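First up is the structure itself, then whatever we jot down about it.
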Amino acid sequence: MSCADDLTIDDLTTAVSTSVLERVSAGEGSNANLWHMVDRNNVEGLNLDTGGSAPGVIKTWDERLDEDVSVQSGVDDDLILHIPFVSSVRLRTLLLHLPPQTHPHRPVRLRIYTNFPHCPDFADLAGSREVMDVDVGAPTVERRTAAGRRDVDEWALKVQKMASVFSVTLWFSEATTSLRSKVFYVGFKGDAKQLGMDASKLGQVPAANAADKRVDGVAEKKGAGYTTIR
């Protein structure tokens, strides 16, 4: 932790800013694997080449390197994964197993959104501000298993922005050299808050779309000017 991350007396005795409140709310906690907190049956995706394949990337730790099960984008390299949790969680680390850095199907850009009540479409995300915009093209450290196999990449998250999360939406794009993005595994580390869902904390979506639950299949990719098969 750097000095910039420490709270000072001035922080606590002067008018409390939003950033200070966020740092206090982030608090301390564990960095345990949260596989058991993912509502796997309700994981969804958009622009998938195989409808209904999204839950397959939520694997146990022992299965994280299994590349027989994956999701791949359909008509282009944009791919959305919407991952709800069974109760509120505090997220600290994102775990990803993607194709190798030089592989044409490895996405380079990842935009992270939180607390959409259902799987948003591309227009919803384009009109929203992401919590993080991450370059996942090349991890700082390439981890290896004891057997020498390439392990999952770990990406530190902004805990102060993810202290009370009911769902995460991941928008992968900008594949290395192709028009397809592929993902083998998605996982999270953090701690469970064990709270019931509070709908008032969920992100807002346009009223016209609020009643529509997004599913894999045929959907219009708004703004692109054509209909795509997802």
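Nothing here was measured: the structure is a model prediction, and the numbers come from that model.
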Measure the spacing between [atom1] of [X] and [atom2] of [Y] and express it to the nearest 0.5 Å.
X: Asp78; Y: Asp76; atom1: CG; atom2: CG; value: 4.5 Å
X: Ile83; Y: Thr114; atom1: CD1; atom2: OG1; value: 12.5 Å
X: Met162; Y: Ile112; atom1: CE; atom2: CD1; value: 4.5 Å
X: Phe184; Y: Asp68; atom1: CZ; atom2: CG; value: 9.5 Å
X: Leu34; Y: Arg92; atom1: CG; atom2: CZ; value: 10.0 Å
X: Phe172; Y: Leu110; atom1: CZ; atom2: CG; value: 5.0 Å

request  = Verify the ring-centre separation between His97 and Tyr185: is it less than 6.0 angstrom?
outcome  = no
inquiry  = For Trp171 and Phe122, I'd like to know if the aromatic rings sit close, meaning centre-to-centre distance below 6.0 Å.
reply    = yes
Below 4.5 Å, heavy atoms only, C-beta onward: do [X] and [Y] meet side chain to side chain?
X: Val89; Y: Phe166; result: no
X: Cys119; Y: Ile80; result: yes
X: Phe85; Y: Asp39; result: no
X: Arg144; Y: Arg150; result: yes
X: Tyr113; Y: Ser128; result: yes
X: Leu96; Y: Val186; result: yes

Is [X] linked to [Y] within one hydrophobic cluster, defined over Ile, Leu, Val, Met, Phe, Trp and Tyr using a side-chain heavy-atom separation of less than 4.5 Å?
X: Leu95; Y: Leu81; answer: no
X: Leu94; Y: Leu65; answer: no
X: Val152; Y: Val57; answer: no
X: Ile58; Y: Leu79; answer: yes
X: Leu170; Y: Val136; answer: yes

inquiry  = I need the single residue from Arg106, Arg64, Arg143 that forms a salt bridge (Lys or Arg N to Asp or Glu O under 4.0 Å) with Asp153. Which is it?
reply    = Arg106
To check you understand the geometry: which heavy-atom pair defines the closest contact between [X] and [Y], and what is its length?
X: Pro104; Y: Ala175; value: O-CB, 3.6 Å
X: Gln101; Y: Gly137; value: CG-O, 3.5 Å
X: Ser53; Y: Ser70; value: CB-O, 4.4 Å
X: Ala156; Y: Met132; value: O-CE, 3.6 Å
X: Gly56; Y: Val69; value: O-CG1, 3.6 Å
X: His82; Y: Pro120; value: ND1-CD, 3.9 Å

request  = Please lay out, stage by stage, how Val183 and Leu98 fare under the test side-chain contact (heavy atoms from CB on, under 4.5 Å).
outcome  = CA-CA 5 Å; Val183 178; Leu98 305 173; 3.8 Å; yes
key: Asp191 bridged to Arg90 by N-O distance under 4.0 Å   = yes
Go through the structure and list residues passing salt bridge (Lys or Arg N to Asp or Glu O under 4.0 Å) with [X], not counting sequence neighbours.
X: Lys189; result: Glu154
X: Arg129; result: none
X: Glu174; result: Arg109

ask   = With distance as the sole test, does Asp66 use its side chain to make a donor-acceptor pair with the main-chain N or O of Lys59 at under 3.5 Å?
value = no
task = Keeping the roles fixed (side chain from Asp124, backbone from Asp121), state whether a donor-acceptor pair exists under 3.5 Å.
result = yes
key: Step-by-step side-chain contact (heavy atoms from CB on, under 4.5 Å) determination, Asn47 to Val75   = CA-CA 7 Å; Asn47 195 30; Val75 299; 3.5 Å; yes
query = Between the side chains of Arg111 and Ser173, is a donor N or O closer than 3.5 angstrom to an acceptor N or O?
reply = yes
message = Would you say Ser181 and Ser73 are linked by a side-chain donor-acceptor pair, where the criterion is simply a distance under 3.5 Å?
response = no
message = Using a 6.0 Å cut-off, check whether atom CH2 of Trp155 has over 12 heavy atoms from anything other than its own residue.
response = yes
